[in-house]
Amino acid sequence: MPKHSVIPGGDDEGSTVHRGANFPTHRPRVFSGIQPTADSFHIGNYLGALRQWVSMQETHETYYCVVDLHAITVDQDPALLRQRTRVAAAQLLALGVDPARSVLFVQSQVPAHTRLTWVLECLTGFGEASRMTQFKDKAARSGDGHASVGLFTYPVLMAADILAYQADAVPVGEDQRQHLELTRNLAQRFNSRYGHTLTVPEPFILKEVAKIYDLSEPTVKMSKSSPGGSLDLLAPVKQSVKKIKSAVTDNDREIRYDPAAKPGVSNLLTLLAILSDASIAELENSYSGKGYGDLKAALADVFEAFVTPLQERVAAYLTDPAQLDAILADGARRAAEVADVTVRTVFDRVGFLTAT
Ligand code: TRP
C-alpha cells in the first residue's frame, strides 16, 4: 500500500501541504510570537521587531501570537500572566496590528500548538535539544537542576507554532536563529519520514540597524531584565524623559554616529533617527556644534509624541477587557482553522486513527 494513500484530498507526489486559508490573497505567510512576560514592551521591541510586524501586513499574510504557553516555562504568577497577556495584545493592537488584516491571537487558545508539539518532540533528539544555547543560559541562571522540562522543550513548542501555520517566513531577532534552525530541521525530518507535509520556513532575521541598546549601558542590548536602561512604552512619560536625559554618553562633545567609540551617542542617534524619520547623516549635520543636551531633549520630545497617543489607545483597550477578549477569541478561531488542518494531516501521516 502506498504510504500516504489515505490522506483526504492529499496527493502522493510531494505537493501535499495543506495551507488552510484566512485570506483571499496568495501572499507569503508570516508567523511570529512575543512572550507576555513584561508589564510593557520597550522601544527596542518596537523598533527591532514589532514595527516590522506592522509593516509586513502590507506584503504578507500575517499571523501574530502572544505566546503565553512559553511564558510558563519559568516561574510565573497567574494573575500577572492574565494581565500581561491582555496588555501585550492591547499594545500590539495599539501599535498597528490590525485584526482585519492579521490573525492576532493567544497561543493557549489554539490547541493545535500543543498537539503538534508532542509529535515534534518525538522527532527531536535529546542531544539536539540539549545544544540550544538559550536553554543552557536560562537553565544556568535558574540554578542546578531547577530548570523545568518545559523550558527544555521550549524550542520545540516554538517550532510547532511556526509549522502549524505552514509559515514561509519568521521575523525574529538574532537570538532566535538557533531555534529557527531547529524548526527547519524538524520540518525537513518530518517531511522525509512521512512525506511532504510541512513548509520549511525561512528565517527573516531582523536588521541590525534597528538594534537598540540599554540607555545606561549602551554596549548591551535593551532588555526587560535591565529596567534601568530600558524605555518602556507604557511607563509614565516623565520617567522615560528622565531616563533619556540621564542616558550614558561620553566625555567628548561631538554628536557623531560611531557605535564602537561612541555607543551611547550612537544609540541616541539611532532612536532619534527612527522616531523622527530622519537619516543619521541628516541628524549629524543638524546637530553639529550642538550639545548632548540638545540631542537628548529632541529625543525626549519625539519619544513623548510617540508614546502619549499609544498609551491612550492601550488604555482604551484595557478599559474594555471583554471587547479585547472577543478580538482575541476571534483571532484564535481563525488561527485554529489553519492550524487544525496541519495537525489533522500530521496526525494522519503519523498513523493516528482519525476521530470521526
Ligand atoms: N521565542 C520567541 C522569543 O522569545 C517567541 C516565540 C515563540 C516565537 N514562538 C514563536 C517567535 C514563533 C517567532 C515564531 O522571542
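When reading the values below, keep in mind they use all heavy atoms of this one structure, side chains included, and skip hydrogens, waters and symmetry mates. Counting starts at 1 for both ligands and their atoms, following the listed order.
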Tell me, please, which residues at least two apart from Phe204 pass ring pair (Phe, Tyr, Trp, His ring centres under 6.0 Å).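 Result, ring pair (Phe, Tyr, Trp, His ring centres under 6.0 Å) vs Phe204: none returned.
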Contacts of Phe303 that satisfy ring pair (Phe, Tyr, Trp, His ring centres under 6.0 Å) - sequence neighbours left out: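 None.
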From Asn185 atom CG to Leu123 atom CG, the distance as rounded to the nearest 0.5 Å: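 Spacing of CG (Asn185) from CG (Leu123) equals 11.5 Å.
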Please check if the number of heavy atoms outside Arg256 that lie under 6.0 Å from its CZ is greater than 12.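 For Arg256, atom CZ is crowded (more than 12 foreign heavy atoms under 6.0 Å).
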Shortest non-hydrogen contact between Glu284 and Tyr257, atoms and distance: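 Of all heavy-atom pairs spanning Glu284 and Tyr257, the closest is OE2-N, 2.6 Å.
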Quick test of your reading: applying side-chain hydrogen bond (donor to acceptor under 3.5 Å, both in side chains), list the pairs with at least one residue in residues 122-132, sequence neighbours left out, ordered by first then second residue.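 side-chain hydrogen bond (donor to acceptor under 3.5 Å, both in side chains) check on residues 122-132 returns Glu128-Arg189.
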Heavy atoms under 4.0 Å from ligand 1: which residues qualify?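 Under the 4.0 Å cut-off, ligand 1 touches Phe31, Ser32, Gly33, Gln35, Val67, His70, Tyr154, Met158, Asp161, Ile162, Val170, Val172, Gln176.
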